[in-house]
Amino acid sequence: MLKIKLIGIGAAGNKAAITAFKEGVIKEDELLLINSNLGDIPEDFRKYGAVLSEKVSGTGKERSIARRLAIDYLDSSEVITSDNVVDGFVENADLVCVVNSTEGGTGSGASSVFYKYLLNVCNKNVMGFVFTGFEEDSRGLKNTLSFFNDVDHEIAVQVISNKKFLPLLGKNKLKAELLANQEFVTRLRIISGRSMHESTQNIDKTDLLKLVTTPGFMQVEHMVLNPEPASSEQFNELMDDMLKSSKSLSTTSTCKRIGVIVAVSDALKEIVDYGFDSLITQYGTPYELFTHVQDATEFGNELFVISAGLDMPLEEIKAVYDRFETKTQKVARGDNGFAEALRSMVEDSADASFDLRRKEEATQEEMLEKKRKFSEQFSN
């Protein structure tokens, strides 16, 4: 089992991390909640919280504000010490998981800064657990695009799409978010090895660590074998259904490694297709295939799949961009070329007219000096 430290960033990330704690997947010393201000962290969990600023009341969905707050927080003289909250928290961790949304301000904007800090300053393996939202407004779509543009290529990234829970729920977004958080908890349990126990054919700790630290996009799928398959053909049909009902984003067949945990009764062990042709078709031929076979879990006969090192889901991100273009055209209709100014996927200046009107708190020279010091830490 891996020693994982979990950092929730922003409102959505905090909720997901708290759910994992309540479900017993992580312990008290493995939980850290980061937000732009204390009011966004539930009162009962503020003892696990770190606030980016005492001066702001939120980010208003603006990634640039969150990014600046995160840099200032990590660059402040009282934080860059051996006992700052982040450095001390991640000590002895095999893997640091950061969970956040892409559409909000704090989670989307601050997370990429923390990715880099954890990688380059703390020298830790990092995984990003990312919630994409319901894709309803231009700001949220733009934040999603900018987030993926900023993702560090050295980390592993998982995506859970809130929108993909809606077909079964009508327009009940609150329930969709709850189900997305439960999906996160299940995936966290899988990648930490908490669903595994020793058997005659093992994925050991080194194998698991290699799997979950492979840079790139990661798909983690799971299913209960219900109805119980009576043949290898029925087993493969259930596996196909699992892959089709994925709540992640689709990508190409470019995986580097695949891990499969088969947790079934002795009778079912005889009919499992250990060639896993459906997985190879979906994810590509892996450089390494790890297989773990054990007895059924407390939940029954189950299958868990980790596919690592995939290319980022460009086609689905391009689809987000198309929706962004359509929505901004509607918002900006008749605005003297405003829509044209919003066409960039990555420049924050594109949506500056939607930003909060405020005075700068520091001169440009001061900000450049702060950024220079922070960059020096990464290079060291």
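Position 1 is the first residue of the sequence; numbering continues from there. Note: hydrogens, waters and symmetry copies are ignored here, and every other heavy atom, side chains too, is used.
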**Student:** Determine whether more than 12 heavy atoms belonging to other residues, nucleotides or ligands lie under 6.0 Å from atom CG of Asp29.
**Tutor:** yes
**Student:** Spell out, yes or no, whether Phe290 and Val305 are grouped together once hydrophobic residues are joined by side-chain heavy atoms under 4.5 Å, including indirect joins.
**Tutor:** no
**Student:** Is Lys5 positioned over the aromatic face of Phe89, cation under 6.0 angstrom from the ring centre and no more than 45 degrees off axis?
**Tutor:** yes
**Student:** With side-chain hydrogen bond (donor to acceptor under 3.5 Å, both in side chains) as the test, would you mind laying out the steps for Asp87 and Tyr117 before giving the verdict?
**Tutor:** CA-CA 10 Å; Asp87 289 355; Tyr117 185 83; 2.9 Å; yes
**Student:** Roughly how far, to the nearest 0.5 Å, is the CG atom of Leu31 from the CD1 atom of Ile18?
**Tutor:** 7.0 Å
**Student:** What distance separates Leu145 CG from Asn149 CG, expressed to the nearest 0.5 Å?
**Tutor:** 9.0 Å
**Student:** If you round to the nearest 0.5 Å, how far is CG of Leu179 from CG of Leu169?
**Tutor:** 5.5 Å
**Student:** Is it true that Lys124 and Asp94 have a side-chain N and a carboxylate O under 4.0 angstrom from each other?
**Tutor:** no
**Student:** List the steps and the verdict of salt bridge (Lys or Arg N to Asp or Glu O under 4.0 Å) for Lys173 and Glu135.
**Tutor:** CA-CA 12 Å; Lys173 297 176 190 173; Glu135 302 178 4; over 6 Å; no
**Student:** Just say parallel, tilted or perpendicular for the rings of His292 and His197, cut-offs at 30° and 60°.
**Tutor:** perpendicular
**Student:** Would you please classify the geometry between the Tyr73 ring and the Phe114 ring as parallel, tilted or perpendicular, with 30° and 60° separating the classes?
**Tutor:** tilted
**Student:** More than 12 non-hydrogen atoms from neighbouring residues, nucleotides or ligands closer than 6.0 Å to OH on Tyr287, yes or no?
**Tutor:** no
**Student:** Rounded to the nearest 0.5 Å, how far apart are OG1 of Thr102 and CZ of Arg63?
**Tutor:** 9.5 Å
**Student:** Quick one: CD on Gln182 to CG on Leu178, what's the gap to the nearest 0.5 Å?
**Tutor:** 8.0 Å
**Student:** Using the side chain to side chain contact (heavy atoms under 4.5 Å, CB included) rule, pick out the option among Leu279, Ile306, Val293 that qualifies with Val260.
**Tutor:** Leu279
**Student:** With hydrophobic residues grouped by side-chain heavy-atom distances under 4.5 Å, do Leu6 and Met127 end up in a single group?
**Tutor:** yes
**Student:** Which heavy atom in Gly284 sits nearest to a heavy atom in Ile258, and how many Å separate them?
**Tutor:** O-CD1, 4.1 Å
**Student:** The test is side chain to side chain contact (heavy atoms under 4.5 Å, CB included); show your working for Asn301 and Glu228 and say whether it passes.
**Tutor:** CA-CA 8 Å; Asn301 297 303; Glu228 190 173 296; 3.3 Å; yes
**Student:** Should Phe184 and Leu249 be counted in the same cluster of Ile, Leu, Val, Met, Phe, Trp and Tyr side chains packed under 4.5 Å apart?
**Tutor:** no
**Student:** Decide whether Val157 and Ile191 are clustered together by the hydrophobic rule: side chain heavy atoms of Ile, Leu, Val, Met, Phe, Trp, Tyr closer than 4.5 Å, transitively.
**Tutor:** no
**Student:** If I take atom CZ from residue Phe134 and atom NZ from residue Lys163, how far apart are they, to the nearest 0.5 angstrom?
**Tutor:** 10.5 Å
**Student:** Quick check: does any side chain N or O of Glu23 sit under 3.5 Å from a backbone N or O of Thr19, one acting as donor and the other as acceptor?
**Tutor:** no
**Student:** Is there a side-chain contact between Ser112 and Phe147 (heavy atoms, below 4.5 Å)?
**Tutor:** no
**Student:** Under a plain distance cut-off of 3.5 Å, with no hydrogens placed, do Asn14 and Asn35 share a side-chain donor-acceptor pair?
**Tutor:** yes
**Student:** Anything under 30° is parallel, anything over 60° is perpendicular, the rest tilted; go ahead and classify Tyr48 against Phe21.
**Tutor:** tilted
**Student:** Check step by step if salt bridge (Lys or Arg N to Asp or Glu O under 4.0 Å) holds for Lys269 and Asp266.
**Tutor:** CA-CA 5 Å; Lys269 289 175 186 175; Asp266 287 340; 3.3 Å; yes
**Student:** Does the plane of the ring in Phe324 sit parallel, tilted or perpendicular to the ring in Tyr321? Use 30° and 60° as the thresholds.
**Tutor:** tilted
**Student:** Between the side chains of Lys247 and Glu183, is the shortest nitrogen-to-carboxylate-oxygen separation below 4.0 Å, so that they form an ion pair?
**Tutor:** no
**Student:** Do the charged groups of Lys210 and Glu288 touch, with an N to O distance under 4.0 Å?
**Tutor:** yes
**Student:** Counting distance only, does the side-chain N/O of Ser246 pair as donor-acceptor with the main-chain N or O of Ser248 below 3.5 Å?
**Tutor:** yes
**Student:** With side-chain hydrogen bond (donor to acceptor under 3.5 Å, both in side chains) as the test, would you mind laying out the steps for Ser146 and Lys142 before giving the verdict?
**Tutor:** CA-CA 6 Å; Ser146 298; Lys142 176 63 163 55; 3.2 Å; yes
**Student:** Give the cluster check for Ile261 versus Leu95: same hydrophobic cluster or not, with ILVMFWY residues linked at side-chain heavy-atom distances below 4.5 Å.
**Tutor:** yes
**Student:** Between Glu30 and Arg194, does a salt bridge (Lys or Arg N to Asp or Glu O under 4.0 Å) hold up when you go through it step by step?
**Tutor:** CA-CA 14 Å; Glu30 298 168 341; Arg194 293 181 186 271; 3.7 Å; yes
**Student:** Between Asp273 and Ser232, do the side chains contain an N or O donor and an N or O acceptor separated by less than 3.5 Å?
**Tutor:** no
